[in-house]
There are 2 protein chains.
Amino acid sequence: MTALDSDDLAAPATIEEFRERLAAISEGLPRRLRQCADHIAANIDRIAVSTVAELAAGADVPPSALMRFCQILGYSGFSEMQKLFRDAYSPGFPDYSTRLQNLKDGGTGTPSALLGEFIEAGRLSLEALAKSADEAALAQAVDLLSAADTIHVIGLRRAFPVAAYLAYVFDKMAVPAMLHEGTGKLDHRHALRPGDAVLAITFAPYSEETIALAQDARARGLPVVALTDRITSPLARASDAILTVPEVDFGAFRSLSATLALAIALAVAVGSVRG
Amino acid sequence: MTALDSDDLAAPATIEEFRERLAAISEGLPRRLRQCADHIAANIDRIAVSTVAELAAGADVPPSALMRFCQILGYSGFSEMQKLFRDAYSPGFPDYSTRLQNLKDGGTGTPSALLGEFIEAGRLSLEALAKSADEAALAQAVDLLSAADTIHVIGLRRAFPVAAYLAYVFDKMAVPAMLHEGTGKLDHRHALRPGDAVLAITFAPYSEETIALAQDARARGLPVVALTDRITSPLARASDAILTVPEVDFGAFRSLSATLALAIALAVAVGSVRG
DNA sequence: GTAAAAATGGAATAAATATTCCAAAACGCT
DNA sequence: AGCGTTTTGGAATATTTATTCCATTTTTAC
């Protein structure tokens, strides 16, 4: 009895069943077959129009591994499995804009409609960022942060996710960084040492703690990089480099797509200069 | 000069062009070829998943007639024509891997170039989300979370920014929610009470703490909603609703645009159901 | 009605694709 | 480390599918 023949039940006859089976078995699969499961799962909508060789290449396994995988799922082979997806292949061409329209048309207030709105908001933000990005400011920000000993990242409330992600990326790239959280009303201001730099993130309504930390750092002669929403932000006068992000709000909530894109680009650039 | 070689222009390169060409030529075609044109026109969305023999049978002509028809349209044969429809099914993906490669190689690029790549990655992720979003799963997730007393949000490492943002949004909407952080190896598992629900977020490589919390909740009969990268995720079997996000990650660098869009949509939908 | 041109069907062939099989490698167990 | 078991890669084969070719039929023009 092996992992391969432990599941010789009937083959899934619907796509829903297929998904379930996939999720159920992929747990205890050996390496190559696991790759098949993952790639298939991630490209379920391409099975109908792909060949064994194409899918195998995508999963980075030999074709025979993919054949085995189909058989573990209960099919006689790839063709039988593919038939399920070819028969079910009804949707015309879900090109992005029509599908997005569908998501929105689901009636206002439904989750799908909301999702459509947020996707669109994110897309618009990214496009606006592409147009408005200030290369000089970005380059300067990279210079300042690359030269620093430790980078102090601060962002609270809605800027906190961005700060947290920056801290994560810096950590992964082995860049010394410290995430300042507002917990317990401690501002950890003593952690700022000569040679360090501050990366402050805040959006309207601006968080006082963030501004205070930036000003404090500035007063001690440390460089401050600001990631904010407009150049008239209170952070502007306390910063040596100011990066602005045009984020589109939908309702009361901001998508953060553009902010994160800019943040990662900044972090990776700093990481590669240092590395 | 015959009807067959009267139109040896370049083959249509887009589906739009294809439709136009079809309409333009079908007028003056002999009987069998006319049948081909009619059947193709009526089944344009099945070209990608059909064989010559199948389409020919549908049009009630021999395969050779259909081959001729493809050639009249300007293609070298059926396969070339079919390729148009197979590729068109997932536009944007062809050059996706090239972009990914650029991003990996681009460590030497300028910060602005990096920013451009991340913007593009975010944009593609959002488009993919628009195409692949599972409306049923989303609706179910909203139901489960709306009915809960307290929503426990957990996401660590790179999923932490998403969890943090969800916690922020829930808080703003006055939805009782608790953000579980892994700090101090405390898992706060005792905080799970009957009537609560868990919203777990994790991406490969999956964080054990997150999975453990989800399993624990499930074992106690609490509903679990998963936000993850593929349905083969280890979270899948511990979840009552599973939302997947097509976000490609480059080592430590994941754009999160699509993930955040989905997360906010979920949170806002839950908030509005609760009133 | 006849001859030339066009269109057609089906059999033959070529190409692509799926599938099997087995030797070699990796793994797990004592 | 040594042995039996599981997993793997790739070459060999089988099958399906696309494509060409040409003899035959149909159409057209006079």
Side-chain angles (χ1 to χ4, degrees), chain A residues 1-8 11 25-40 43 46-87 89, chain B residues 1-8 11 18 25-40 43 46-87 89 232:
Chain A
M1 185 60 95
T2 95
L4 282 88
D5 52 14
S6 59
D7 254 285
D8 46 3
I25 66 156
S26 62
E27 198 90 358
L29 243 36
R31 190 164 129 263
R32 288 281 113 110
L33 295 175
R34 188 71 205 276
Q35 284 172 247
C36 291
D38 285 348
H39 186 253
I40 290 282
N43 296 72
R46 293 190 56 82
I47 296 175
V49 296
S50 300
T51 65
V52 172
E54 283 164 1
L55 286 173
D60 198 26
V61 300
S64 50
L66 207 119
M67 288 303 302
R68 262 193 296 273
F69 180 75
C70 296
Q71 287 161 355
I72 287 171
L73 249 32
Y75 301 99
S76 68
F78 175 75
S79 299
E80 190 177 299
M81 180 177 107
Q82 189 178 49
K83 183 169 187 306
L84 170 64
F85 292 91
R86 289 197 163 171
D87 290 348
Y89 177 102
Chain B
M1 186 61 96
T2 96
L4 283 87
D5 50 16
S6 60
D7 254 286
D8 46 5
F18 183 89
I25 65 157
S26 64
E27 201 83 1
L29 242 36
R31 190 164 129 265
R32 290 279 114 113
L33 295 176
R34 188 70 196 274
Q35 285 172 246
C36 291
D38 287 349
H39 186 252
I40 290 283
N43 296 73
R46 295 208 61 80
I47 296 175
V49 295
S50 300
T51 67
V52 172
E54 284 164 1
L55 287 173
D60 199 27
V61 300
S64 50
L66 208 123
M67 288 303 301
R68 263 194 294 276
F69 180 74
C70 296
Q71 286 161 354
I72 287 170
L73 249 31
Y75 301 99
S76 69
F78 175 74
S79 297
E80 190 177 298
M81 182 177 104
Q82 189 179 47
K83 184 171 188 303
L84 170 64
F85 292 89
R86 289 192 166 177
D87 290 349
Y89 181 62
T232 55

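Naming convention: chains lettered A, B, ... in sequence-line order (proteins, then strands); numbering from 1 in each chain.
At least one side-chain heavy atom of A/M81 sits under 4.5 Å from a side-chain heavy atom of A/I40. Contact of the A/L55 side chain with the A/F78 side chain is registered, since non-hydrogen atoms from C-beta on lie closer than 4.5 Å. Considering only heavy atoms from C-beta on, B/I25 comes within 4.5 Å of B/L73 through its side chain.
Taking only side-chain atoms of B/V52, from C-beta outward, the nucleotide of D/dT19, D/dT8, C/dT19 with the closest atom is D/dT19. Comparing C/dT20, D/dT19, D/dT8 against the side chain of B/P63 picks out D/dT19 as the nearest. Checking C/dT8, C/dT17, D/dA18 against every side-chain atom of B/T51, the shortest atom distance belongs to D/dA18. For A/M67, whose side chain is taken as the heavy atoms from C-beta onward, the closest listed nucleotide among C/dA18, D/dT19, C/dT8 is C/dA18. Relative to the side chain of B/Q71, the nucleotides D/dT19, D/dT20, C/dG9 differ in distance, and D/dT20 lies closest.
Phosphate contact (OP1/OP2 of C/dT17, side-chain N/O of A/Q82, threshold under 4.0 Å): absent. One finds no side-chain N or O of A/S79 lying less than 4.0 angstrom from the OP1 or OP2 phosphate oxygen of D/dT16. Residue A/S64 places no side-chain N or O under 4.0 Å from the OP1 or OP2 atom of D/dT8.
What separates CG of A/L66 from P of C/dT17 is a distance of 15 Å, to the nearest Å. Rounded to an integer number of Å, the gap from OH of B/Y75 to P of D/dT20 is 16 Å. Across the protein-nucleic acid pair, B/R86 atom CZ and C/dA16 atom P stand 14 Å apart, rounded to whole Å. In this structure, B/E80 atom CD and D/dT17 atom C1' are separated by 17 Å, rounded to whole Å. Between the CZ atom of A/R32 and the P atom of C/dA25 there is a distance of 15 Å, given to the nearest Å. Separating the CZ atom of A/F69 from the C1' atom of D/dT7 is a distance of 15 Å, rounded to the nearest angstrom. Regarding B/Q35, its CD atom lies at a distance of 13 Å from the C1' atom of C/dG9, rounded to whole Å. Look at CZ on B/R34: it is 17 Å from C1' on D/dT27, rounded to the nearest Å.
By the 30° and 60° cut-offs, the orientation of the rings of B/F18 relative to B/F85 is perpendicular.
Counting any heavy atom pair closer than 4.0 Å across all strands shown, B/A65 reaches no nucleic acid atom.
A donor-acceptor contact under 3.5 angstrom links the side chains of A/Q35 and A/R32, judged on distance only.
Ranked by how close their nearest DNA chain D nucleotide is to the 5' end, B/E54 and B/R31 are led by B/E54.
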